[in-house]
Visitor: 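My structure is below; once you've seen it, I'll send some questions.
Heavy-atom basis, side chains included; hydrogens, waters and symmetry copies ignored. Each chain gets a letter, A, B and so on, in the order its sequence line appears, and its residues count up from 1.
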Amino acid sequence: MRRVRELLRYHEMIVNLVKRELRGRYKGSILGFMWTFINPLCQIIVYTIVFSLIVRSDLDKFYVYMITGMIPWLFFDNSIRMGSGCIRYQGDMVKKIYFPREVLPVATVTANFINMLFCFIIVFLVLFVSGVGISLKALFCLPLIMMVEYVMVLGFTLIISAGTVFFKDLEHIVNVLLMAWIYLTPILYPITSVPGKLSWIFKLNPMTYIIEAYHAVLYWKTVPTAVVMSRAIVAATVVLILGEFVFARLDDNFAEEL
Amino acid sequence: MSAQYVINVQNVEKSFKVYLDKGTTLKEKVLFKKRARYESRQILNGIDFQIPPGQAVGLIGKNGCGKSTILKLLSRIYKPNHGELSVEGRVSSLIELGAGFHPDMSGKENIYINASIFGLTREEIDAKMDDIIRFSELEEFINNPVRTYSSGMYMRLAFAVAINVNADVLLIDEILAVGDVSFQKKCFDRLLEIKDGGTTIVIVSHDMDQLYKICDRFIWIEDGQVKEDGEPRLIGNHYLDSMEEARLERLAQESREKFSQIGQEGNPEEDASRGGHTILELTEYVHPEARRFGTQEVYYTKVELLNKDGEPCQIFSTGDEVVLRCGYAAREARIRVNFNMDFVRDNWQYCYGSCFAKAGEPLPELEEEGWVKFHIQELMLLPGKYYLDIGINGVNGELYDNVRNILQITVREYAHNEFGPCTFTHDWTLE
């Protein structure tokens, strides 16, 4: 609790680091902030070509299904990739100034979260252009789902960022894991096409519930089921508490280890 | 915890793990498990001090004694392994300048980032913005990206932010060397202002003059412990003397090695000219630059430099009493000689010389061995480093023994209005 209050006292630092992250990332490049959209768009186009033209799916307007899962996934993926080094690469700052160390992962995750919000412009464009449309009633659940995902991503990032300080390989291990993880989450195919023998993996994967909730709201235009939502919330809470616990155990030694 | 202290440090210990051969990758961790040995290096060894509000304290000590570690403990970057440490109020540290600067963002945006890292809120930063920009003297450039700044401008901006953070406790680590001379003076004046405003300051520096001007108190750290604690001038002098002693000891060690090597190799020519008498036998504190010449008809056997209490000493203040006492031996009794000595400054400027007998007076007649004493009532040399030369000459100026640069003496710095090698008794008056 004390740590949370301390973190809130440094809200201005978080705000500024997020701004620096968002504005600084593409400064100096010609297309600038447009890259925020171009990047996921290109990934989506590639996946769309592969998964709707080559590997056929029987879902109607499969590319919509894929995009609604892919944008939230990219938030998860980018946060963890960037978050893994967020303390190590700002070692100079950590070694020389006091601030609650959580500021760094929180800022990284928040910057990526805001990025995702911008990318939702693409999602809604696709929903309208494709004729899938939206359901207002279902859409009310979207902010809640986003918040749950934020909490979960933050939890994972706390663990990974602290772990990387002591064990540098974690950064690369995480990259490999993320590459496999996307295939263990129902993004590139519907969960119904997963064979029964493997379904336990999907059930253990906390991201399954998050992505399923997004699919429900955006693709199926229904309120997600209580089971999906409650599991997502429980999983996110557990991950965050575990993350903060690990982080708090390790952060006393950051300055010495870096 | 008593309320009259802002900083309270009690019996604090801190050690670091020093890996002898650290493997950080998985392969190394698994394969070379035994190699991940580390030794624990004790940096602080039970430090105790309390600082009341508004006091400016200078931490002094040689490199690696733990000064910077103390600052990092106070700023909460490190946690002590043992002991109690508390600091009340907002702590700001001038340890790292320009933290979080992004080269592509403007000076103004970077002020927000940097100041927020010190824990300021947006309102506080807005209120200080004008002060910060004025202090940095970067009004014209404040909207340009920081990457277009010169390194001096960059540091000025960084320092302007750091020094405008209103803190209850300010920690400073050796960073008052920012920008050109006039900006340095401005920083220094600002620091004095902050001090007058009642901020508690803890500063680490090797610039003693700067410390004397700011600090009310010195804490001298040695080997992870508080060695002395008190009035700046007093502690400062003790510290400088101890540094000087350590330096002279190192020099002596160096010359022992050097001269014993020469002795082993044997230089017949030199040995002959010195009659086999080496420099090392004269004194323990011989300087490595020492040279000995002469026929050794009469020769020195010992050299002692003593203070007014008769203790061996090589560090003096202007005005001190100094005694030079030399043992001699002669091959035959009743030989007549003249003793002489002189001081040469370390830039080889000849400063002072004296000999036993005045011109025209008869030279003293010697026993086979004995002592000659040169008593200086008041040392008139001004601060600096000087070499002592000693010599023995015969009736017709024959060079019996001559040792150059045998000892180095240090005359301490003090607040003076005199320059050059020597002092005069003097007055300045207006008429």
Visitor: Which one wins on heavy-atom pair count under 4.5 Å against chain B: A/H172, A/R9, A/K95?
Guide: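 Of the candidates given, the most pairs with chain B belong to A/K95.
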Visitor: Identify which part of B/L171 has an atom lying under 4.5 Å from any heavy atom of chain A, answering side chain, backbone, both or neither.
Guide: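 Neither; nothing under 4.5 Å.
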Visitor: About how many Å separate NE2 of A/H11 and CZ of B/R122, when rounded to the nearest 0.5 Å?
Guide: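 Taking CZ in B/R122 and NE2 in A/H11, the distance rounds to 10.5 Å.
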Visitor: Carefully, step by step, assess A/F247 and A/F254 under the rule ring-ring contact (aromatic ring centres under 6.0 Å, His included).
Guide: CA-CA 10 Å; A/F247 199 90; A/F254 281 173; 5.4 Å; yes
Visitor: Which region of A/E6, side chain (C-beta onward) or backbone (N, CA, C, O), has a non-hydrogen atom less than 4.5 Å from a non-hydrogen atom of chain B, or is it both or neither?
Guide: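 A/E6 touches chain B through side-chain heavy atoms alone.
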Visitor: Please identify, among B/R76, B/E124, B/K72, the residue contributing the most non-hydrogen atom pairs under 4.5 Å to chain A.
Guide: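 Answer, by heavy-atom pair count under 4.5 Å with chain A: B/R76.
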Visitor: Look at B/R134 together with B/D130 and state whether they make a salt bridge at an N to O cut-off of under 4.0 Å.
Guide: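 Looking at B/D130 together with B/R134, the answer is no, because their closest N to O distance does not fall below 4.0 Å.
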Visitor: Is it the backbone or the side chain of A/V15 that comes under 4.5 Å from a heavy atom of chain B, or both, or neither?
Guide: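 Contact with chain B involves no heavy atom of A/V15 at all.
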Visitor: Hey, are the side chains of B/M105 and B/I113 touching, using non-hydrogen atoms and a 4.5 Å cut-off?
Guide: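 Yes, close enough: below the 4.5 Å cut-off.
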Visitor: Rounded to the nearest 0.5 Å, how far apart are OG of B/S136 and CE of B/M153?
Guide: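 If I round to the nearest 0.5 Å, the distance is 9.0 Å.
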